Amino acid sequence: MARKKLWVGALAALGLLGLALAQDGAKLYSQYCSSCHQPTGLGVPGAFPSLKGLDQLAKTDGGRVYLIRAVLFGLQGPLKVGNATYNGLMPGFGQQLSDAQVAALLNHVLSSFGNKNPKPITPEEVKKVRANPLKPQDVAKGRP
């Protein structure tokens with residue numbers, strides 16, 4: 001009986017941790033992303049792309065790495081999203097955000113705005129990508 005209570009308590013704690021990370025991701029999105037991509041995640045036509053549909057990128061290893069690179073190192077130069085081409089600059093947030101924060105932010109985006117997060121991004125994935133920095137121009141060129 002005591003084991004069962006311990007198990008239930010552990011599951012509840014994990015659930016609360018997941019909720020805290022999701023809320024942290026929403027807070028981080030509001031702080032770092034919403035001014036350009038808007039609170040709705042739909043962006044500004046011609047200026048900032050919509051984040052809707054990014055869950056499709058996150059279904060592949062290359063897409064996951066690209067999304068992590070975009071947040072860590074930024075983007076610069078032409079970027080085709082759907083039928084639109086954007087040519088701007090997105091700053092990288094690797095200096096401001098920890099691996100856990102980047103994961104939480106991306107998981108928020110990948111489970112919001114109509115996205116259905118296929119598999120949460122982990123801090124370990126972020127750490128691995130962070131170890132090989134790129135210039136923002138190279139990140140943009142590497143979009144799958």
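Residue numbers run from 1 in the order of the sequence given. Only this structure's heavy atoms are used, side chains among them; waters, hydrogens and symmetry mates stay out. Note that the structure is predicted; figures quoted are calculated from it, not measured.
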task: Output the distance between atom NZ (K80) and atom CG (N87), rounded to the nearest 0.5 Å.
output: 13.0 Å
query: Would L42 end up clustered with L54 when hydrophobic side chains under 4.5 Å apart are linked, directly or stepwise?
result: no
- request: Please examine the side chains of S50 and V81, heavy atoms only from C-beta on, and report whether any two atoms are closer than 4.5 Å.
  value: no
message: Quick check for you: to the nearest 0.5 Å, what is the distance between K27 atom NZ and L105 atom CG?
response: 13.5 Å
message: So which atom in S30 and which in S34 form the shortest heavy-atom distance, rounded to 0.1 Å?
response: O-OG, 2.9 Å
Heavy-atom closest contact (A100 atom, P123 atom, distance): CA-CG, 3.8 Å
message: Any side-chain to backbone donor/acceptor pair from D55 onto K116? Under 3.5 Å, distance only.
response: yes
query: Counting N and O atoms only, with roles assigned by atom type, does the side chain of T60 sit under 3.5 Å from a partner on the main chain of L57, one being a donor and the other an acceptor?
result: yes
- prompt: Is a donor on one side and an acceptor on the other found under 3.5 Å between the side chain of N107 and the backbone of I121?
  reply: yes
Short side-chain to backbone donor-acceptor contact, R130 and L72, under 3.5 Å: no
- prompt: Do F113 and H108 come close enough that some side-chain heavy atom pair is under 4.5 Å?
  reply: yes
task: Provide the closest heavy-atom pair for P78 versus A140 in the form atom of the first, atom of the second, distance.
output: O-CB, 4.2 Å
query: Of the non-hydrogen atoms in Y66 and V139, which two are nearest, and what is the gap between them?
result: CE1-O, 3.4 Å
query: Between L79 and L106, is there a shared hydrophobic cluster once you connect ILVMFWY residues whose side-chain heavy atoms come closer than 4.5 Å?
result: yes
message: A side-chain contact here means heavy atoms from C-beta on lying under 4.5 Å apart; do V126 and L97 qualify?
response: no
message: Just checking K128: does its NZ atom have more than 12 heavy atoms from other residues, nucleotides or ligands closer to it than 6.0 angstrom?
response: no
- prompt: Would a distance-only check, ignoring hydrogens and angles, find a side-chain to backbone donor-acceptor pair under 3.5 Å from N115 to L51?
  reply: yes
- request: For residues Y86 and V44, determine if any side-chain heavy atom of one lies less than 4.5 Å from a side-chain heavy atom of the other.
  value: no
message: Determine whether a donor-acceptor pair (N or O, by modelled atom type, separation under 3.5 Å) exists between the side chain of R64 and the backbone of E125.
response: no
task: May I ask you to test the Y29-H37 pair for a side-chain heavy-atom distance under 4.5 Å?
output: yes
- line: Separation between SG (C33) and CZ (F48), nearest 0.5 Å, reads 12.0 Å
field: F93 and Q101: CA distance, side-chain angles, deciding distance, side chain to side chain contact (heavy atoms under 4.5 Å, CB included) verdict
entry: CA-CA 10 Å; F93 300 106; Q101 288 174 314; over 6 Å; no
message: Between Y32 and V71, is there a side-chain heavy-atom distance shorter than 4.5 Å?
response: no
